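Everything below concerns the one structure shown next.
Bear in mind the structure is a predicted one, so any value in this text is a computation, not a measurement. Quick note on labels: first sequence line is chain A, next is B, and so on, each numbered from 1.
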2 protein chains.
Amino acid sequence: MAEGRTGISGENLLFLTDEQLRQGIEAMFFAYRGFTADPDRILSELAYGRAHHRAIHFINRAPGTTVNNLLDILGVTKQSLNRVLRTLIEDGLVESRVGQADKRERHLFLTEQGKALEQRLSDAQRTRMRAAYRDAGPEAVAGFRMVLEAMMDAEMQQTYTRLKETGI
Amino acid sequence: MAEGRTGISGENLLFLTDEQLRQGIEAMFFAYRGFTADPDRILSELAYGRAHHRAIHFINRAPGTTVNNLLDILGVTKQSLNRVLRTLIEDGLVESRVGQADKRERHLFLTEQGKALEQRLSDAQRTRMRAAYRDAGPEAVAGFRMVLEAMMDAEMQQTYTRLKETGI
DNA sequence: CTTGGAATGTCAACAAGGCTGACGTAAACT
DNA sequence: AGTTTACGTCAGCCTTGTTGACATTCCAAG
């Protein structure tokens, strides 16, 4: 390769070494544990799991969403989601309303009680996130977001962006 | 508060709004799916799961590690780890040697076959990671790492750093 | 030297939450 | 009328987490 003194394509690509990548992989592994630790503690008190948290989060995020839409977002099977939704509905945290335009659809909403738990969970998660963001600073956060987005599949990126921009 | 025109403590803290935090949370959720997607595909061919991947990764990372040490790193119960280790040993991917100094300890090593699978898994994961890193650029990567580290518990941070620096 | 406690690892049984496959119902579409 | 779509459910499986009981080994105090 007839390149400059940095070796490859005129840029310093040392951040792409296997060692750097492995550190990133391990950081991702440990950080995700931290990311879920606080909500997990709250959930275990209530005999719920992460699956319940995810459902609650996205129903809060897109109230009136249909089951199918939620399936797309969560990327699980309907049997799996259904089990979780059933308990949430039985426990009065989620309300399921038959669609007006299309009566096959069920639109999902959080009840007051559901909103209360959502608040509690997301407060816990945001508190840690906020501390991490503050420690790292705004530029680090921008980089953090860029790498995470680049790590998603095309489909997830679409879902993520749609959710971010329109809330649907 | 008698601060500058940005309102709080002279810095622009718009990156700490709840909306920004929620986007970060969702990015983390979707990115982690991407992060595990490629190894998951390989593992499902072999009737293994993520737990096997984690064990293989860290045994490769710290050959000769004891079960207890691995438990600390992985943050699961020993019974849970043991089941995974047992299948890996039965399948000839991991070797367990009784400790010389302390015969209660078992020291874990990857066999050739185990190393081969580790390579296959980490190649898949690194490929995606490398693409994400390259897309985002070195500064973004530095920020990514900073935020992830700030998101860990103190204990995990210690483990992570120790592993990063000494490999033990 | 013995003995009791601590440390290390194994086995058994259970629960959560993924998965597939099959089936039923109601509504919408063509 | 016939097909497709949206949703719910039953049955059964697997992975991976949990707790409890148990065997082995080490070490230190008596």
Legend entry - Counterpart residues, salt bridge (charged side-chain N to carboxylate O under 4.0 Å, His left out), relative to E139(B) (two or more places apart): none
Legend entry - For E149(B), side chain to side chain contact (heavy atoms under 4.5 Å, CB included) partners two or more places apart: R145(B), M152(B), Y160(B), K164(B)
Inset, instruction - Would you tell me whether S122(B) and H57(B) have side-chain atoms, one donor and one acceptor, within less than 3.5 Å of each other? - result: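 On atom types as modelled, these side chains do not qualify, holding no pair under 3.5 Å.
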To the nearest Å, give me how far apart [atom1] ([X]) and [atom2] ([N]) are.
| X | N | atom1 | atom2 | result |
| --- | --- | --- | --- | --- |
| N68(A) | dA28(C) | CG | C1' | 14 Å |
| Y48(A) | dG18(C) | OH | P | 15 Å |
| L70(B) | dG9(C) | CG | P | 10 Å |

Considering only nitrogen or oxygen atoms on both sides, find all protein atoms under 3.5 Å from nucleotides 10-15 of chain C and state each distance.
unit_1  : atom_1 : unit_2 : atom_2 : d
dT10(C) : OP2    : N82(B) : ND2    : 2.2

Inset, instruction - Describe the nucleic acid contact of A101(A) in one word from base, sugar-phosphate, nothing, applying a heavy-atom distance below 4.0 Å. - result: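 Here A101(A) touches the backbone only, sparing every base.
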Legend entry - Along DNA chain C (nearest heavy atom to each residue), the more 5'-positioned of L71(B) and A51(A): L71(B)
Inset, instruction - Between H107(B) and G75(A), just flag the one whose closest nucleotide in DNA chain C comes earlier from the 5' side. - result: H107(B)
Legend entry - Residue pairs involving residues 42-52 of chain A (criterion salt bridge (charged side-chain N to carboxylate O under 4.0 Å, His left out); sequence neighbours excluded):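 Non-adjacent pairs meeting salt bridge (charged side-chain N to carboxylate O under 4.0 Å, His left out): D40(A)-R50(A), E45(A)-R120(A).
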Legend entry - Test: R97(B) cationic atom under 6.0 Å from F109(B) six-membered ring centre, within 45° of axis: yes
Legend entry - Any donor-acceptor N/O pair under 3.5 Å between dA26(C) base and R104(A) side chain: no
Inset, instruction - Mind checking side-chain hydrogen bond (donor to acceptor under 3.5 Å, both in side chains) for R130(B) and listing every partner two or more places apart, or none if nothing turns up? - result: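 If we apply the side-chain hydrogen bond (donor to acceptor under 3.5 Å, both in side chains) test to R130(B), skipping adjacent residues, the hits are D18(A).
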Legend entry - Cluster check M146(B), L16(A): I/L/V/M/F/W/Y, side chain < 4.5 angstrom: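 No, because M146(B) and L16(A) fall into different hydrophobic clusters, even though each may have its own neighbours under 4.5 Å.
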Legend entry - Span of DNA chain D in contact with chain A (heavy atoms, under 4.0 Å): dT5(D) to dC10(D)
Inset, instruction - Start with the C-alpha distance between F58(B) and F29(A), add both sets of side-chain angles, then the distance that settles ring pair (Phe, Tyr, Trp, His ring centres under 6.0 Å), and finish with yes or no. - result: CA-CA 11 Å; F58(B) 287 109; F29(A) 168 66; 5.6 Å; yes
